[in-house]
Amino acid sequence: MRQNQLEEIEEIVKESSIWESFVDFLGTVLYVNEDKTIKITIGLVLLVIVIYLITTVVLNIIKRLFSRRLPKDDRAKFQTVFSFARWVVYIVVLLIVFDSVGINVTAIFAASAALLIGVGLALQTLFQDIISGVFILIDQSLHVGDIIEIDGMVGRVDEIKLRTTRAVTIDNKVLVIPNHLYLTNSLYNWTQNGITTRESVEVGVAYGSDVQLVKKLLIQAANAQPETLDHDATIVLFTDFGDSSLNFKVIFTINNSFKAQFPKSNIRFEIDKLFRENNVSIPFPQRDIHIIEKPS
């Protein structure tokens, strides 16, 4: 009896003018091509919106499940990669919906083939940047805070995005580096092995100078700086017999290579002071000029 009542109610609803009007409204055609292979109705638009909302909810749930237990740095990387994957999922779901309601997806691609080729060529570099960004985030070759050198530019990484990497130079200028440059250029990561780095200052002294005294003064100048770490590791190399000088290099350890130019400058000031106090001269290139007079 109850089943009969439900069927009667369903029949009444179907026969009502409201239901017919609603069905007619959903079937309203918004666009149809000449071959009638592509037909867009209000019902299809509403279906796409509903599928979009459902997909968004599911993706947000997945995002929370995966990112909940990740460390803070890895969570930021996962979020960047996930934002790219989200759009891929949206496109796949949209194509599935179109195909399921009878729209010929192949016809859509065929109709827009020339446009897609043009867009693909125009966005080739963009796609390279995005793929490179995914590789950087996955293989963890670069982290926020790393000091990098690329194409002669040095900066501290401030932000890694899917398309670009932002780095700040010592002059507080922002470098916006397209990610595809990491695949086509050599990247030097100064701090991948740690924040301490070995730096050096070179100097030449006059021939005849006491080289042992020079070695002692160079070590003294380097270790006098508060930025210098592990004084026992400071060494001096006698690098070459130059044209006008004996060349030395003092090598020392600091924990902030990003600002290495400041302790290097202070060491040079100290070297000049100690050399003057100990009568060690820094020569400059000298040339002999021979003037030949022609007989008149």
Side-chain angles (χ1 to χ4, degrees), residues 141-159 165-175 177 181-182 185-291:
S141 59
L142 203 62
H143 299 83
V144 173
D146 285 352
I147 299 172
I148 61 171
E149 178 182 352
I150 185 170
D151 283 347
M153 301 178 294
V154 179
R156 189 193 300 275
V157 177
D158 181 61
E159 186 178 17
T165 296
R166 290 166 51 91
V168 181
T169 67
I170 187 64
D171 302 320
N172 201 31
K173 299 176 181 177
V174 178
L175 294 175
I177 307 170
L181 292 180
Y182 297 122
N185 298 70
S186 297
L187 170 69
Y188 298 94
N189 192 329
W190 291 8
T191 53
Q192 188 169 18
N193 292 330
I195 61 174
T196 59
T197 57
R198 298 283 280 171
E199 305 291 340
S200 64
V201 170
E202 298 183 16
V203 66
V205 300
Y207 275 90
S209 302
D210 186 346
V211 294
Q212 293 301 322
L213 176 61
V214 172
K215 177 180 179 180
K216 175 184 176 182
L217 296 178
L218 291 178
I219 292 177
Q220 180 180 341
N223 290 341
Q225 308 308 314
E227 296 89 352
T228 302
L229 307 176
D230 191 5
H231 292 180
D232 294 336
T234 302
I235 61 173
V236 173
L237 299 180
F238 192 157
T239 57
D240 200 6
F241 294 93
D243 293 337
S244 306
S245 63
L246 304 173
N247 299 328
F248 292 84
K249 177 190 290 186
V250 56
I251 304 174
F252 50 94
T253 305
I254 62 174
N255 63 354
N256 190 354
S257 58
F258 188 57
K259 297 184 178 181
Q261 60 178 341
F262 298 112
K264 283 183 178 182
S265 175
N266 293 334
I267 288 174
R268 293 187 182 98
F269 277 118
E270 189 67 17
I271 289 173
D272 181 72
K273 173 186 173 185
L274 293 176
F275 278 10
R276 290 178 184 275
E277 292 175 353
N278 292 272
N279 297 320
V280 177
S281 61
I282 300 176
F284 52 87
Q286 300 181 14
R287 299 288 184 269
D288 293 331
I289 300 177
H290 300 276
I291 301 176

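These numbers come from the heavy atoms of this one structure, side chains and all, not from hydrogens, waters or symmetry mates. Just so you know, residue 1 is the first one in the sequence shown, and it goes up from there.
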Visitor: Any donor-acceptor pair under 3.5 Å linking the side chain of Asn278 with the backbone of Leu274?
Guide: yes

Visitor: Any side-chain to backbone donor/acceptor pair from Thr239 onto Asn247? Under 3.5 Å, distance only.
Guide: yes

Visitor: Apply the test side-chain contact (heavy atoms from CB on, under 4.5 Å) to residues Val154 and Ile170: give CA-CA distance (whole Å), side-chain angles for both, the deciding distance (0.1 Å), then the verdict.
Guide: CA-CA 8 Å; Val154 179; Ile170 187 64; over 6 Å; no

Visitor: How long is the straight-line distance from CZ of Phe275 back to CG of Leu217, given to the nearest 0.5 Å?
Guide: 6.0 Å

Visitor: Before you tell me yes or no, could you show the steps for Leu175 and Val168 under side-chain contact (heavy atoms from CB on, under 4.5 Å), namely the whole-Å CA-CA distance, both residues' side-chain angles and the distance that decides it to 0.1 Å?
Guide: CA-CA 6 Å; Leu175 294 175; Val168 181; over 6 Å; no

Visitor: Is it the case that the side chain of Tyr188 and the backbone of Ile147 share a donor-acceptor pair, with hydrogens and angles ignored and the cut-off at 3.5 Å?
Guide: no

Visitor: Should the pair Asp272-Arg268 be classified as a salt bridge under the 4.0 Å nitrogen-to-oxygen rule?
Guide: no

Visitor: What are the two closest heavy atoms between Gly204 and Pro283, and how far apart are they?
Guide: O-CD, 3.6 Å

Visitor: Might you confirm whether atom CG of Asp171 has over 12 heavy atoms from other residues, nucleotides or ligands at distances under 6.0 Å?
Guide: yes

Visitor: To the nearest 0.5 Å, what is the distance between CG on Leu229 and CZ on Phe252?
Guide: 10.5 Å

Visitor: Return each pair, listed once, that meets salt bridge (Lys or Arg N to Asp or Glu O under 4.0 Å) where at least one residue sits in residues 209-230; pairs must be two or more places apart or across chains.
Guide: none

Visitor: Mark yes or no for whether Ser209, through its side chain, and Ala206, through its backbone, hold a donor-acceptor pair below 3.5 Å.
Guide: yes

Visitor: Out of curiosity, Ile219 CD1 to His231 NE2, how far, rounded to the nearest 0.5 Å?
Guide: 11.5 Å

Visitor: If we check side chain to side chain contact (heavy atoms under 4.5 Å, CB included) with Glu199, which of these qualifies: Thr253, Ile267, Ile254?
Guide: Ile254

Visitor: Where is the tightest heavy-atom contact between Val201 and Ile271, given as atom of each residue plus distance?
Guide: CG1-CD1, 4.3 Å

Visitor: Taking CZ in Arg198 as the centre, count heavy atoms belonging to other residues, nucleotides or ligands within less than 6.0 Å. Is the count above 12?
Guide: yes

Visitor: Spell out, as yes or no, whether a donor-acceptor pair under 3.5 Å connects the side chain of Thr169 to the backbone of Gly155.
Guide: no

Visitor: Pick out which of Ile251, Val250, Leu237 makes a side chain to side chain contact (heavy atoms under 4.5 Å, CB included) with Leu218.
Guide: Val250

Visitor: Can you name the closest pair of heavy atoms from Ala222 and Thr228 and give their distance?
Guide: O-OG1, 2.7 Å

Visitor: Which pairs, with at least one residue in residues 142-159 and sequence neighbours excluded, count as a salt bridge (Lys or Arg N to Asp or Glu O under 4.0 Å)?
Guide: Glu159-Arg166

Visitor: Find the distance between CZ (Phe269) and CD (Gln225) and round it off to the nearest 0.5 Å.
Guide: 11.0 Å

Visitor: For Tyr207, does the OH atom sit with more than 12 other heavy atoms under 6.0 Å from it, leaving out its own atoms?
Guide: yes

Visitor: I'd like to know whether Leu246 forms a side-chain contact (heavy atoms from CB on, under 4.5 Å) with Phe248, so could you lay out the CA-CA distance, the side-chain angles of the two residues, the decisive distance to 0.1 Å, and finally the verdict.
Guide: CA-CA 7 Å; Leu246 304 173; Phe248 292 84; 3.9 Å; yes

